[in-house]
Amino acid sequence: MTPAELSRTVLRSVRGAVDDDELSVPVPARIVVRPPRRAGCGDYASNVALQLAKDAGRPAREVAEILRRRLAGSAGIARVEIAGPGFLNFTLGGGARAALVREVRAAGARYGEQQRRAGEAATGAPAAGAPVSDGPVPDAPLHRGARGLVVAEVLGRIVAAAGGERPRDVAAAPEAVAECAGMVARLGEDEARWALLRPAARDAVRLPERPEQREENPRFRVQYAYARTRALVRQARDLGFEPEAGETVTSTGTPTGTDAAAAEPAAQELLTLLATYPAAVESAARLRAPDRLVRHLEATADALPGWCEECPPLPVGEGKPLAVHRGRLALAEATGTVLANGLRLLGISTPDYL
C-alpha cells in the first residue's frame with residue numbers, strides 16, 4: 001500500500017462517517033499521510049482527526065476513534081492506533097509492504113508518474129493528499145543563467161510526471177547557454193546538473209573544483225547505489241535465480257520471498273522511501289523545487305548499503321539461494337527503479353556499471 005492508497009482509504013472512512021451521520025463535517029478533498037517523526041509509531045500517520053475536530057464540534061480523539069473503528073481491518077492495514085491529541089498511526093501488514101515492491105517493479109519507468117484527473121489543477125495530481133498549488137509552473141525561469149536553464153528544463157519533466165501541464169519552452173539566453181556549456185566542459189554534465197539542482201531555491205550554488213567519484217559526493221552515491229542494484233541482479237542471474245515474483249506464502253501460511261523480505265525490520269526505511277517517491281515528485285512539482293527530488297534520491301541511496309549489509313540479497317559463501325534472497329533481490333531491483341526514475345527526471349545518467 002502506497003501513501004496515496006492509504007490516503008484514499010482514510011478519505012473513504014471520513015466519507016462513510018459523514019454518510020452515516022457519525023460526523024457532521026465537510027469532506028476534505030484530500031488527506032495527508034506521512035511517515036511518523038518518531039520510530040515505533042507505525043508506518044504512517046495522519047492528523048486528519050485534528051483537522052476535522054473543530055467542524056465536528058467534538059474532541060479530536062473522539063473523531064479519531066470514529067475513524068479508527070472504520071479503518072480497523074481494512075485491506076493492507078494491520079493496526080490503527082490513536083496517539084497524542086488525536087493523531088492516527090497506521091501499521092501496514094507485511095503483505096501490503098510486499099505489494100509495494102511488486103507495484104514498483106510492475107510500473108517500472110512509470111512508477112511515480114500521475115495522471116491528472118478531470119477538473120484537477122494543472123500542477124500535478126498531489127500524492128498522499130498534498131494540497132494543490134495555485135497554477136501551472138510559470139514559463140519564466142526561476143533563476144538566471146545556467147541554473148535557470150537547467151531548473152526550467154528539469155521542472156518541465158517533473159511537472160509532467162506529476163500530472164501537470166508541461167510549461168512552454170522559452171528561448172534560452174545565449175549567456176546562459178554559454179555558462180552551462182562551460183560548466184559541462186569543466187565538470188561533466190552529470191556533476192554540473194547535480195550542482196545546479198541540489199541547492200534549495202534560496203541557496204547559492206557551490207560548484208566543486210572537479211567531479212569526484214567517491215562517497216563524499218552525493219551525486220556519485222546515488223549513481224553508485226543504482227549501479228549496485230543492477231550488479232546484484234546480474235550476480236543473481238549468474239547464480240541461477242531471479243527476483244521473486246511468484247507465490248510468497250508456504251502451505252502452512254509462513255511468509256517467504258518478497259513477503260518475508262518486506263517484513264524484515266531493516267527493510268522498513270527503504271520501503272518507506274520507495275512508497276513516498278511519488279509524493280517527492282509531486283512536491284518538487286508543486287513547490288517548483290527540484291532539490292526535493294534530489295534529496296529524496298540521496299536518502300534512498302544512503303539507505304541501501306545498511307540494508308544490504310543486514311539483509312544480503314545474495315547468498316553468502318557456498319549457501320544456496322533461498323526464497324528470501326529472491327524477495328530481497330526484488331526489493332533491490334525496486335530500489336534501482338526508483339533511483340533510475342528520479343535520475344532520469346533530473347536529466348542525469350543511470351550507469352549500470354560504475
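- A salt bridge between E212 and R219 is absent, with no side-chain N of the basic residue lying under 4.0 Å from a carboxylate O of the acidic one.
- Among D352, T300, T335, T350, the single residue meeting the side-chain hydrogen bond (donor to acceptor under 3.5 Å, both in side chains) criterion with Y226 is D352.
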- Task: Apply salt bridge (charged side-chain N to carboxylate O under 4.0 Å, His left out) to the pair E153 and R193, showing each step before the final yes or no.
- Result: CA-CA 11 Å; E153 174 220 311; R193 280 178 171 274; 2.6 Å; yes

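- Residue L196 comes nearest to A146 through the heavy atom pair CD1-O, 4.0 Å, listed as atom of the first residue, atom of the second, then distance.
- The one candidate from R230, R228, Q213 that meets the side chain to side chain contact (heavy atoms under 4.5 Å, CB included) condition with L354 is Q213.
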- Should E22 and R69 be marked as a salt bridge (charged side-chain N to carboxylate O under 4.0 Å, His left out) after you check the CA-CA gap, both sets of side-chain angles, and the distance that decides it? CA-CA 12 Å; E22 288 188 276; R69 289 197 305 267; 3.5 Å; yes

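- P35 approaches T276 most closely through the heavy-atom pair CG-CG2, 4.0 Å.
- L297 places a side-chain heavy atom less than 4.5 Å from the side chain of L346.
- Proximity of a side-chain donor or acceptor of S349 to a complementary backbone N or O of P351 within less than 3.5 Å is not detected.
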- Task: Evaluate side chain to side chain contact (heavy atoms under 4.5 Å, CB included) for E191 paired with R210, printing each intermediate quantity in order.
- Result: CA-CA 9 Å; E191 193 72 37; R210 63 186 68 85; over 6 Å; no

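- The two atoms that bring A64 and G86 nearest to each other are CB-O, 3.7 Å, heavy atoms only.
- The two residues D291 and P199 come nearest to each other via the heavy atoms CB-O, 3.6 Å.
- For the pair L271/L331, a side-chain contact is recorded, criterion being any heavy-atom separation below 4.5 Å from C-beta on.
- Applying the salt bridge (charged side-chain N to carboxylate O under 4.0 Å, His left out) test to residues at least two apart or on different chains, the pairs with a partner in residues 300-310 are R221-D302.
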- Item | Derivation and outcome, side chain to side chain contact (heavy atoms under 4.5 Å, CB included), residues L6 and I77 | CA-CA 9 Å; L6 179 57; I77 300 177; 3.7 Å; yes

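- Between Y277 and H296, the ring-plane angle classifies as tilted under the 30° and 60° cut-offs.
- If you chain together hydrophobic residues whose side chains sit under 4.5 Å apart, I66 and V18 fall into the same group.
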- side chain to side chain contact (heavy atoms under 4.5 Å, CB included) between V10 and F90: does it pass, once the steps are laid out? CA-CA 10 Å; V10 178; F90 304 94; 3.6 Å; yes

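- Residues F241 and V233 share a hydrophobic cluster, clusters being chains of Ile/Leu/Val/Met/Phe/Trp/Tyr side chains in contact below 4.5 Å.
- Under the 4.5 Å side-chain heavy-atom criterion for grouping Ile, Leu, Val, Met, Phe, Trp and Tyr, V63 is connected to V25 within one hydrophobic cluster.
- Proximity of P313 to W307: side-chain heavy atoms (C-beta onward) are separated by under 4.5 Å at one or more points.
- For the residue pair L100 and A275, the shortest heavy atom distance occurs at CD2-CB, 3.6 Å.
- Between R328 and P312, some side-chain heavy-atom pair lies under the 4.5 Å cut-off.
- Counting heavy atoms from C-beta outward, E298 and R198 have side chains that approach closer than 4.5 Å.
- L239 and V324 end up in different hydrophobic clusters when Ile, Leu, Val, Met, Phe, Trp and Tyr side chains are linked at under 4.5 Å.
- A 6.0 Å sphere centred on CD of E215 holds no more than 12 heavy atoms belonging to other residues, nucleotides or ligands.
- Residues P3 and V32 have side chains not in contact (no heavy-atom distance under 4.5 Å, counting atoms from C-beta outward).
- Using a 3.5 Å distance cut-off with no hydrogens or angles, the side chains of T91 and D43 do not pair a donor with an acceptor.
- Across all their heavy atoms, A334 and R105 have their closest contact at CB-CG, 4.1 Å.
- Within the 4.5 Å cutoff, no side-chain heavy atoms of H325 are placed close to those of L314.
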- Steps toward side chain to side chain contact (heavy atoms under 4.5 Å, CB included) verdict (L343, W194): CA-CA 10 Å; L343 286 169; W194 197 271; 4.0 Å; yes

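- Between the CZ atom in R157 and the CZ atom in R344 there is a gap of 11.0 Å [rounded to 0.5 Å].
- Atom CG in L345 sits 11.0 Å away from atom CG in L197 (nearest 0.5 Å).
- Remark: D55 engages no residue in a side-chain hydrogen bond (donor to acceptor under 3.5 Å, both in side chains) (not counting sequence neighbours).
- For R295, the CZ atom sits in a packed shell: over 12 heavy atoms of surrounding residues, nucleotides or ligands are nearer than 6.0 Å.
- Going from atom CG of L67 over to atom CD1 of I31 covers 7.5 Å, rounded to the nearest 0.5 Å.
- Put simply, V338 and L329 are part of two different groups of oily side chains (I, L, V, M, F, W, Y) that touch within less than 4.5 Å, one to the next.
- Partners of S283 according to the side-chain hydrogen bond (donor to acceptor under 3.5 Å, both in side chains) rule, which considers only residues two or more places apart in sequence or in another chain, are R292.
- Y224 is linked by a ring-ring contact (aromatic ring centres under 6.0 Å, His included) to F220, counting only residues two or more places apart in sequence or in another chain.
- Each salt bridge (charged side-chain N to carboxylate O under 4.0 Å, His left out) pair with one or both residues in residues 78-89, not counting sequence neighbours, appears once here: R79-E81.
- Under 3.5 Å, the side chains of E113 and N341 contain no donor-acceptor pair of N or O atoms.
- Counting only heavy atoms from C-beta outward, the side chains of M183 and R186 never approach each other to under 4.5 Å.
- Sorted by first then second residue, the salt bridge (charged side-chain N to carboxylate O under 4.0 Å, His left out) pairs that include residues 232-241, not counting sequence neighbours, are R237-E242.
- Atom SG of C180 sits about 5.5 Å away from atom CG of L149, to the nearest 0.5 Å.
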- Does the salt bridge (charged side-chain N to carboxylate O under 4.0 Å, His left out) test come out yes or no for D20 and R70, once each step is laid out? CA-CA 11 Å; D20 293 343; R70 288 182 165 271; 2.5 Å; yes

